[in-house]
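All remarks here apply to the structure that follows.
Heavy atoms only: backbone and side chains are in, while hydrogens, waters and symmetry mates are out. Sequence lines set the chain letters: A, B, ... in the order given, protein chains first and strands last, and positions in each chain run from 1.
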Protein chains: 2
Amino acid sequence: MELTKAQRRLFDAAIEVFAEHGYGGTRTRDIAAKADRSPAAVYVHHSSKEELLFAISERTQRSALAHLQGVYDAHSDPVGRVHAMVMEFSLWHLENIQAARVTQYEMHALTPEHRAVVIAQRREFHRLMRTALEAGIRAGAFEVADLHRTTHSLLALGIDLIRWFDPGVDPDKVSIARHNADLAIRMISSLSPSAAHPGRN
Amino acid sequence: MELTKAQRRLFDAAIEVFAEHGYGGTRTRDIAAKADRSPAAVYVHHSSKEELLFAISERTQRSALAHLQGVYDAHSDPVGRVHAMVMEFSLWHLENIQAARVTQYEMHALTPEHRAVVIAQRREFHRLMRTALEAGIRAGAFEVADLHRTTHSLLALGIDLIRWFDPGVDPDKVSIARHNADLAIRMISSLSPSAAHPGRN
DNA sequence: GTCTATATGTTGATAGAC
DNA sequence: GTCTATCAACATATAGAC
């Protein structure tokens with residue numbers, strides 16, 4: 001599962017050029033050149049360009065999911081946990097913006113089988129966030145009209161960052177992520193003033 | 001500015017295949033075939049495949065912006081206006097999901113000049129929503145920690161729908177859009193219980 | 001405006017030496 | 001595992017008839 005140095009180099013090069021020009025706009029030559037390798041280098045570790053895209057997408061989602069699961073496990077208070085999850089999910093997207101863009105925007109280039117794997121991973125994010133939300137509802141801290149849709153909206157706050165984030169305009173990633181988490185808590189808190197301003201750590 | 005029947009046919013065909021296979025995964029032959037035309041048909045009205053993508057993106061954003069401006073103009077109450085804007089923006093994305101996906105996900109295939117136009121249009125959405133938000137803040141109905149970032153989050157709720165919406169799972173577009181609008185109002189309302197439950201029309 | 005035919009350049013992938 | 005050389009297929013765009 002661990003990548004060798006040469007593999008890592010090729011992987012990072014592919015993420016960079018896929019993010020910039022899209023999957024279809026990238027030639028396998030571009031990837032190899034970015035990694036200072038010959039045009040044939042891509043095919044040493046990957047059977048095709050599509051399989052390389054899949055490897056990137058699958059690894060990216062697995063890493064993000066492991067991160068989110070870690071945050072989930074580190075908290076017991078339901079409000080603090082959702083706050084931390086939205087914040088870390090947002091921050092993860094800001095810090096892995098290229099890989100996240102490739103994963104989210106190039107899905108149509110995957111074979112049906114590979115796409116099914118990535119969509120199954122996506123469902124895991126939803127399941128994890130929903131579980132955290134349910135705990136807060138049971139505790140009386142949250143009031144939510146529609147659990148499924150609200151979960152989508154919490155994830156949307158983080159994922160949509162990859163569409164517009166521009167470090168030249170607003171480079172403070174941690175502050176953006178915390179702002180998202182604060183908005184998330186307001187979205188779901190029980191409608192009493194005291195619950196709407198939870199502690200932030 | 002109006003499209004002829006043949007133009008419209010080609011346009012719709014292009015939106016459909018770009019949305020399904022991506023810009024890079026689509027051949028001009030696919031577009032022509034979908035519109036029941038010969039492979040050369042694309043070049044009667046468009047100088048290149050890229051120019052066709054640009055025409056789609058520019059038209060799509062212009063239509064969405066006109067729609068949002070109409071909703072803005074139709075309201076005077078700040079809370080009702082933001083509620084309606086988020087709802088209609090969400091609904092617009094659900095009803096024009098293919099064109100919206102092409103516009104958002106294929107931007108890297110545009111020339112720098114064309115991309116600049118689309119990004120300028122994007123800023124107009126932000127400006128319009130921000131203006132609506134400011135009116136509510138001045139009226140004391142909204143309390144917002146960061147105007148710029150909160151505006152992005154309001155738009156995110158609508159735009160991210162195109163990523164996951166699946167009519168086979170939850171086909172009620174109007175209800176999804178209204179749910180988004182309700183969440184938006186909770187996100188920004190002044191922290192008193194009465195303000196958090198605005199009328200919905 | 002629509003068609004058929006095709007020129008022209010490109011690209012994913014492989015062969016085979018080292 | 002890495003390289004150079006190259007193939008076979010393909011895709012954009014154009015030419016020119018109707």
Could you state the atom-to-atom distance from [atom1] of [X] to [atom2] of [N] in whole Å?
{"X": "B/His46", "N": "C/dT2", "atom1": "NE2", "atom2": "C1'", "value": "16 Å"}
{"X": "B/Gln7", "N": "C/dT2", "atom1": "CD", "atom2": "C1'", "value": "14 Å"}
{"X": "A/Leu52", "N": "C/dG12", "atom1": "CG", "atom2": "P", "value": "11 Å"}
{"X": "A/Glu51", "N": "C/dA13", "atom1": "CD", "atom2": "P", "value": "11 Å"}
{"X": "B/Lys5", "N": "C/dG1", "atom1": "NZ", "atom2": "C1'", "value": "16 Å"}
{"X": "B/Glu50", "N": "D/dA13", "atom1": "CD", "atom2": "C1'", "value": "14 Å"}

### Sub-4.0 Å heavy-atom contacts from residues 14-44 of chain B onto DNA chain C, ordered by number
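Of all residues in residues 14-44 of chain B, the ones placing a heavy atom under 4.0 Å from DNA chain C are B/Arg29, B/Arg37, B/Ser38, B/Ala40, B/Val44.
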
### Interatomic distance, B/Gln61 atom CD to B/Gln121 atom CD [nearest 0.5 angstrom]
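Reported value, rounded in 0.5 Å steps: 5.0 Å.
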
#### Entry: Side-chain ion pair, B/Arg138 and B/Glu134, N-O less than 4.0 Å
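A salt bridge is absent here (no side-chain N lies under 4.0 Å from a carboxylate O).
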
### Message
I'd like to know if A/Arg178 and A/Asp182 make a salt bridge, using a cut-off of under 4.0 Å between side-chain N and carboxylate O.
### Response
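Salt bridge: no.
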
### Task
Please report the C-alpha distance between A/Gln98 and A/Glu16 in whole Å, then the side-chain angles of each, then the deciding distance to 0.1 Å, and finally whether the side-chain hydrogen bond (donor to acceptor under 3.5 Å, both in side chains) criterion is met.
CA-CA 7 Å; A/Gln98 287 184 315; A/Glu16 217 170 300; 5.4 Å; no

### Message
Over all strands shown, is A/His45 touching base, sugar-phosphate only, or nothing at heavy-atom distances under 4.0 angstrom?
### Response
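Sugar-phosphate contact only.
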
Give every donor-acceptor pair under 3.5 Å between a side-chain atom in residues 40-47 of chain B and any protein atom, sequence neighbours left out.
{"residue": "B/His45", "atom": "ND1", "partner": "B/Gln7", "partner atom": "NE2", "Å": "3.2"}
{"residue": "B/His46", "atom": "ND1", "partner": "B/Glu51", "partner atom": "OE1", "Å": "2.8"}

### Task
Answer yes if the side chains of B/His179 and A/Thr150 hold a donor-acceptor pair under 3.5 Å, and no otherwise.
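Yes, a side-chain donor-acceptor pair sits under 3.5 Å.
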
